[in-house]
A.B. asks: 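Please read through the structure below; I'll follow up with questions.
Throughout, protein chains are lettered first and strands after them, A, B, ... in sequence-line order, and every chain is numbered starting at 1. The analysis underlying the following values was restricted to heavy atoms, covering all of them including side chains, and did not include hydrogens, waters or symmetry mates.
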Amino acid sequence: MPLSIYNSYSRTKELFKPITEGHVGMYVCGPTVSGESHLGHARPYISFDVVYRYLSHLGYKVRYVRNITDAGHFEEEGREAEDKVSKKALLEKLEPMELVQKYTNLFHWAMKQFNCIEPSIEPTATGHIVEQINMIEGIIAAGYAYEVNGSVYFDVKKYAASHDYGKLSGRVIDDLLETTRELDGQEEKRDRADFALWKAAPPEHIMRWKSPWGEGFPGWHIECSAMATKYLGARFDIHGGGMDLQFPHHESEIAQSTICNHQPPVNYWMHNNMITINGRKMGKSYNNVIKLTELFSGNHPLLTQAYHPMTIRFFILQSHYRSTLDFSNEALQASEKALKRLWDSYENLKKLDLPADQAADDQELNGRIEKLLAELESFMDDDFSTPKVIANLFDMAPVINSIKDGLIPANAISGQTLANLKSSFTLYLEDIFGLQSPYQSDNSLLQGVMQLLIDIRKESRAKKDFATSDKIRNQLSALGILIKDEKDGNMSWSLS
RNA sequence: GGUCCUUUGGCCGAGUGGCUAGGCAAAGCUCUGCAAAAGCUUCUACAGCGGUUCGAGUCCGCUAGGGACCUCCA
């Protein structure tokens, strides 16, 4: 079954066909490392991590490029031009690159917590100043940019005359141009819709580079165009990012790259929707962000507890990437429990065993399982419908648990089906969804201690000394360690 | 103001016009020394109004609520 992807550019699902057979070039807008990442930022990186993993599973060799924006951006016209990064650096009395390094490290740490695979290339904006300058020169040479007082702007009106500016973001160019006339005459830009490719740096600006137009720094949009072109070519397969980047960022990227490279840069535009909180987008300007470090530690007024990175990953995958997802403690707690139940079932599954040539005793059940398994790939092929995959896995969990508890005889399903179950659960949970055990990592010392306590408890129960057995269980429970009595007289434990 | 999206059971959240999404919570039962876990069962919703259709949560229109983008923003 072929993969189809919802293309923001055409606003329809399209069959995915890579430019180069067997290969996929994917660019995803990365973080601006002038501050800590929050929950909202986690969504694209987790969503596209799954896209990356799934494309790889399909056999594609994927080059995944995700940038680090470490140059900061100037504020919009009408206000003093200032570099976000250097401004904060001054306040914190840090070297700009020191600050950038700190938040880059923190970002990488968070990605590791989420078990996101590192991109193939993670280019930085500051490391590609030359490429950006070259690209700007190309745009000027083509006649689509102009220089004013050491700054360079893209001529949107001229571009729009012969190109479809606004198509990606559903913008009407005339509306964009119309607002121009309301502006005061002090603008350097010819038109309000124009955007900066290069900004002259005021004297106090710390980050600055020499350019043909004087000392300055690159505009925001040009870095992605320059780096994507360098590593993925003039035209590549997939460009991803948050919906809020559609305009002006991605729209501008299309314009710049199209002029410079004489063709539209991207075949499939993918945009993830926002994470909301009380129905509102989580964002700095709304003052409602929960940083990832706060989420992991529970240290935030809106949080009633800490959340495991895998809980958050699962929470995000339980909804479709193009839907808004509302944060709440209740929703996250529901995800936490759900993930644990599914993971427990997966652990149970791994312990089941049947001869490979075992025939199925219950054809109906066996057929149902096979059908649920077969659907998994078609769900993913349908624009990465992770919630449906999860729903099917949950449909199989009771069967697995019942076999494990002996409520359903193991040979109800065939050896082949059991093997398929095992490989599918591993494939989807671990390889494609990138999930890991939601329990705290066990260490061997604790393992040994727990085995001792379990042995003692088993002995006391054998002697009907329930006072002792209950004491062990209750005291451990108070410490956050749960002991479960299994049907066969064994005990298992987990950290709550 | 412009453009666009959205409104699903107690909560979260899938839904390609025709059959039970799924999860969490709740209730009952089974299992169990007790508990937890697990299993089984129950809870059948689609903002309102009108229209298209043999048939609509799913298409169209209107009304109401919510939101996003238009400025940095995942």
A.B. asks: Regarding A:N474, tell me which of base, sugar-phosphate or nothing describes its non-hydrogen contacts under 4.0 Å with the strands shown.
C.D. replies: nothing
A.B. asks: Just call it for A:R280: base, sugar-phosphate, or nothing, with non-hydrogen atoms closer than 4.0 Å on any strand.
C.D. replies: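 Counting heavy atoms under 4.0 Å across all strands, the contact made by A:R280 is with sugar-phosphate only.
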A.B. asks: Rounding to the closest angstrom, what is the interatomic distance between B:C46 and B:C54 at atom P?
C.D. replies: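 Rounded to whole Å, the distance is 24 Å.
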A.B. asks: Taking only the P atom of each, what is the distance from B:G2 to B:U63 in whole angstrom?
C.D. replies: 13 Å
A.B. asks: Nearest to the A:S469 side chain among B:G33, B:G39, B:A35, which nucleotide is it?
C.D. replies: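 Of the candidates, B:G33 comes closest.
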A.B. asks: Given that both distances must come in under 3.5 Å, which nucleotide forms a Watson-Crick or G-U wobble pair with B:A47?
C.D. replies: B:U63
A.B. asks: So what does A:F466 hit on the nucleic acid, given a heavy-atom distance under 4.0 Å: a base, only sugar-phosphate, or nothing?
C.D. replies: base
A.B. asks: Write down the distance between CG (A:L339) and C1' (B:G13), rounded to a whole number of angstrom.
C.D. replies: 16 Å
A.B. asks: Which one of A:D353, A:L427, A:I400 satisfies the side-chain contact (heavy atoms from CB on, under 4.5 Å) criterion with A:K422?
C.D. replies: A:D353
A.B. asks: List the steps, then state whether salt bridge (Lys or Arg N to Asp or Glu O under 4.0 Å) holds for A:K13 with A:D382.
C.D. replies: CA-CA 8 Å; A:K13 274 184 204 168; A:D382 183 14; 2.7 Å; yes
A.B. asks: Rounded to whole Å, how long is the line connecting atom OH of A:Y6 with atom P of B:C4?
C.D. replies: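 To the nearest whole Å, that distance equals 13 Å.
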A.B. asks: Check every atom of B:G33, B:G39, B:A21 against the side chain of A:R461 and return the nucleotide holding the closest atom.
C.D. replies: B:G33
A.B. asks: Does A:K404 put a side-chain nitrogen or oxygen below 4.0 Å from OP1 or OP2 of B:G39?
C.D. replies: no
A.B. asks: Distance criterion of 3.5 Å, no angle test: do you see the side chain of A:D326 paired donor-to-acceptor with the base of B:C11?
C.D. replies: no
A.B. asks: Using ring centroids (six-membered ring only for Trp), state whether A:F154 and A:Y159 fall under 6.0 Å.
C.D. replies: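 Yes, the ring of A:Y159 comes within the 6.0 Å limit of the ring of A:F154, centre to centre.
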A.B. asks: Just compare B:G15, B:G23, B:G39 and give me whichever is closest to any side-chain atom of A:P398.
C.D. replies: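 The listed nucleotide nearest to A:P398's side chain is B:G39.
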A.B. asks: Could you identify the nucleotide paired to B:A68, looking across every strand shown and requiring Watson-Crick or G-U wobble geometry with both distances under 3.5 Å?
C.D. replies: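 Across all strands, the one nucleotide that pairs with B:A68 is B:U3.
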A.B. asks: Taking the same atom, P, in B:C24 and in B:A56, what whole-Å distance lies between them?
C.D. replies: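 B:C24 and B:A56 have their P atoms separated by 33 Å.
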A.B. asks: A side-chain contact here means heavy atoms from C-beta on lying under 4.5 Å apart; do A:T386 and A:Y321 qualify?
C.D. replies: no
A.B. asks: Could you say whether A:D395 or A:K464 is positioned toward the 5' end of RNA chain B, judged by the nucleotide with the nearest heavy atom to each?
C.D. replies: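 The answer here is A:D395.
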A.B. asks: Pick base, sugar-phosphate or nothing for A:Y286, based on heavy-atom distances below 4.0 Å to the nucleic acid.
C.D. replies: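 Result for A:Y286 = sugar-phosphate.
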A.B. asks: Any donor-acceptor pair under 3.5 Å joining the side chain of A:R473 to the base of B:C34?
C.D. replies: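 When only heavy-atom distances are counted, A:R473 does reach the base of B:C34 through a donor-acceptor pair under 3.5 Å.
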A.B. asks: Taking the minimum atom-to-atom distance to the side chain of A:H320, which one of B:C34, B:A14, B:G33 wins?
C.D. replies: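 Of all the options, the side chain of A:H320 is nearest to B:A14.
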A.B. asks: Given the rule in the side chain to side chain donor-acceptor pair (under 3.5 Å) test, do A:N490 and A:S492 qualify, once you have shown the distances and angles that lead to the verdict?
C.D. replies: CA-CA 7 Å; A:N490 279 320; A:S492 63; over 6 Å; no
A.B. asks: Roughly, in whole Å, what's the span from CG in A:L325 to P in B:A14?
C.D. replies: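 These atoms are roughly 8 Å apart.
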A.B. asks: Counting only side-chain heavy atoms from C-beta out, which of B:G23, B:G22, B:C34 sits nearest to A:A391?
C.D. replies: B:G22
A.B. asks: Under a 3.5 Å cut-off for both distances, is B:C54 Watson-Crick or wobble paired, and to whom?
C.D. replies: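 In the structure as shown, B:C54 has B:G18 as its Watson-Crick or wobble partner.
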A.B. asks: So do the side chains of A:L376 and A:S424 get within less than 4.5 Å of each other, counting heavy atoms only?
C.D. replies: yes
A.B. asks: Counting only side-chain N and O atoms of A:N401, is one of them less than 4.0 Å from OP1 or OP2 of B:G39?
C.D. replies: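 Result: yes.
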A.B. asks: What distance, rounded to whole Å, do you find between the two P atoms, one in B:A45 and one in B:C4?
C.D. replies: 34 Å
A.B. asks: Base, sugar-phosphate or nothing for A:D344? Non-hydrogen atoms, less than 4.0 Å.
C.D. replies: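 A:D344: no heavy atom of the nucleic acid under 4.0 Å.
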A.B. asks: CG/A:N7 to NE2/A:H239 distance, rounded to the nearest 0.5 angstrom?
C.D. replies: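 Spacing of CG (A:N7) from NE2 (A:H239) equals 12.5 Å.
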A.B. asks: Which nucleotide in the list B:A35, B:A14, B:C12 gets nearest to the side chain of A:A331?
C.D. replies: B:C12
A.B. asks: Please give the distance between the P atoms of B:C19 and B:G61 as a whole number of Å.
C.D. replies: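 Going atom to atom, P in each nucleotide, I get 24 Å.
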A.B. asks: Please pick, from B:C70, B:G22, B:A14, the nucleotide with the shortest atom-to-atom distance to any side-chain atom of A:S319.
C.D. replies: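 From the listed options, B:A14 comes nearest.
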A.B. asks: Which part of the nucleic acid, if any, lies within reach of A:L342 when heavy atoms closer than 4.0 Å are counted: base, sugar-phosphate only, or nothing?
C.D. replies: nothing
A.B. asks: Measuring only the P atom in each nucleotide, how far is B:C69 from B:A74? A whole number of Å is fine.
C.D. replies: 11 Å
A.B. asks: Give A:K337 one of three labels, base, sugar-phosphate or nothing, depending on what nucleic acid heavy atoms sit under 4.0 Å from its own.
C.D. replies: sugar-phosphate
A.B. asks: Need to verify one output field. Residue with the more 5' nearest nucleotide on RNA chain B, A:T276 or A:S402?
C.D. replies: A:S402
A.B. asks: With a cut-off of 6.0 Å (strictly less than), are more than 12 heavy atoms of other residues, nucleotides or ligands near NZ of A:K458?
C.D. replies: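 Yes - once you tally the heavy atoms of other residues, nucleotides and ligands closer than 6.0 Å, there are more than 12.
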A.B. asks: Please give, in whole Å, the distance from B:A14 C1' to A:F314 CZ?
C.D. replies: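 Distance, rounded to whole Å: 13 Å.
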A.B. asks: Determine whether a donor-acceptor pair (one donor, one acceptor, N or O, separation below 3.5 Å) exists between the side chain of A:R341 and the base of B:A38.
C.D. replies: no
A.B. asks: Evaluate the side-chain proximity of A:I312 to A:Q113: yes if any heavy-atom separation is below 4.5 Å, no if none is.
C.D. replies: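 When only atoms from C-beta onward are counted, A:I312 and A:Q113 do not touch, as no gap falls below 4.5 Å.
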A.B. asks: Starting from C1' on B:C11, measure out to CZ on A:F327 and report it in whole angstrom.
C.D. replies: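 So the CZ-C1' distance, A:F327 to B:C11, works out to 14 Å.
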A.B. asks: Ignoring backbone atoms, establish whether A:R66 has a side-chain N or O less than 4.0 Å from OP1 or OP2 of B:A74.
C.D. replies: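 So the side-chain polar atoms of A:R66 never come under 4.0 Å of the phosphate oxygens OP1 or OP2 of B:A74.
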A.B. asks: For A:N392 and B:U20, give me the distance from atom CG to atom P, rounded to whole Å.
C.D. replies: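 Value for this atom pair: 16 Å.
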A.B. asks: What is the nucleic acid contact for A:N273, judged by heavy atoms within less than 4.0 Å: base, sugar-phosphate only, or nothing?
C.D. replies: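 Contact class for A:N273: base.
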A.B. asks: Across the strands shown, which category fits A:M282 at heavy-atom distances under 4.0 angstrom: base, sugar-phosphate, nothing?
C.D. replies: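 If one applies the 4.0 Å heavy-atom cut-off, A:M282 turns out to touch a base.
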A.B. asks: Could you tell me whether A:S323 contacts a base, only the sugar-phosphate backbone, or nothing, with contacts defined as non-hydrogen atoms closer than 4.0 Å?
C.D. replies: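 Sugar-phosphate only.
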A.B. asks: With no hydrogens and no angle check, is any side-chain donor or acceptor of A:R313 less than 3.5 Å from a backbone partner on A:F114?
C.D. replies: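 Yes; judged by distance alone, with no hydrogens or angles, the pair exists.
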A.B. asks: Quick check for you: among B:G33, B:G2, B:A74, whose closest atom lies nearest to any side-chain atom of A:R171?
C.D. replies: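 So the side chain of A:R171 is nearest to B:G2.
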A.B. asks: Side chain of A:K281, heavy atoms from C-beta onward: which of B:C69, B:A74, B:A35 has the nearest atom to it?
C.D. replies: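 The nucleotide sitting nearest to the side chain is B:C69.
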A.B. asks: Quickly work out the A:F107 CZ to B:A74 C1' distance and round it to whole Å.
C.D. replies: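 Interatomic distance, CZ of A:F107 to C1' of B:A74: 10 Å.
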A.B. asks: For A:H250 and B:C72, what is the distance between atoms NE2 and C1' respectively, to the nearest whole Å?
C.D. replies: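 After rounding, the reported distance stands at 14 Å.
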A.B. asks: Ignoring hydrogens and angles, answer whether the base of B:G33 and the side-chain atoms of A:D485 contain a donor-acceptor pair closer than 3.5 Å.
C.D. replies: no
A.B. asks: Give me the distance, rounded to whole Å, that separates B:C12 from B:G39 when you measure between the C1' atoms they each carry.
C.D. replies: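 Pairwise C1' distance, B:C12 against B:G39, rounds to 24 Å.
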A.B. asks: Tell me the partner of B:C40, counting only Watson-Crick (N1-N3 plus N6-O4 or O6-N4) or G-U wobble (N1-O2 and O6-N3) with both under 3.5 Å; none if nothing fits.
C.D. replies: B:G28
A.B. asks: Can you tell me how far C1' in B:G22 sits from the matching atom in B:G13, rounded to whole Å?
C.D. replies: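 Between the two C1' atoms, the distance is 8 Å.
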A.B. asks: Between B:G23, B:G13, B:A74, which nucleotide gets closest to the side-chain atoms of A:Q318?
C.D. replies: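 Shortest atom-to-atom distance from the side chain points to B:G23.
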A.B. asks: Looking for any heavy atom pair under 4.0 Å, which part of the strands does A:G283 touch: base, sugar-phosphate only, or nothing?
C.D. replies: nothing
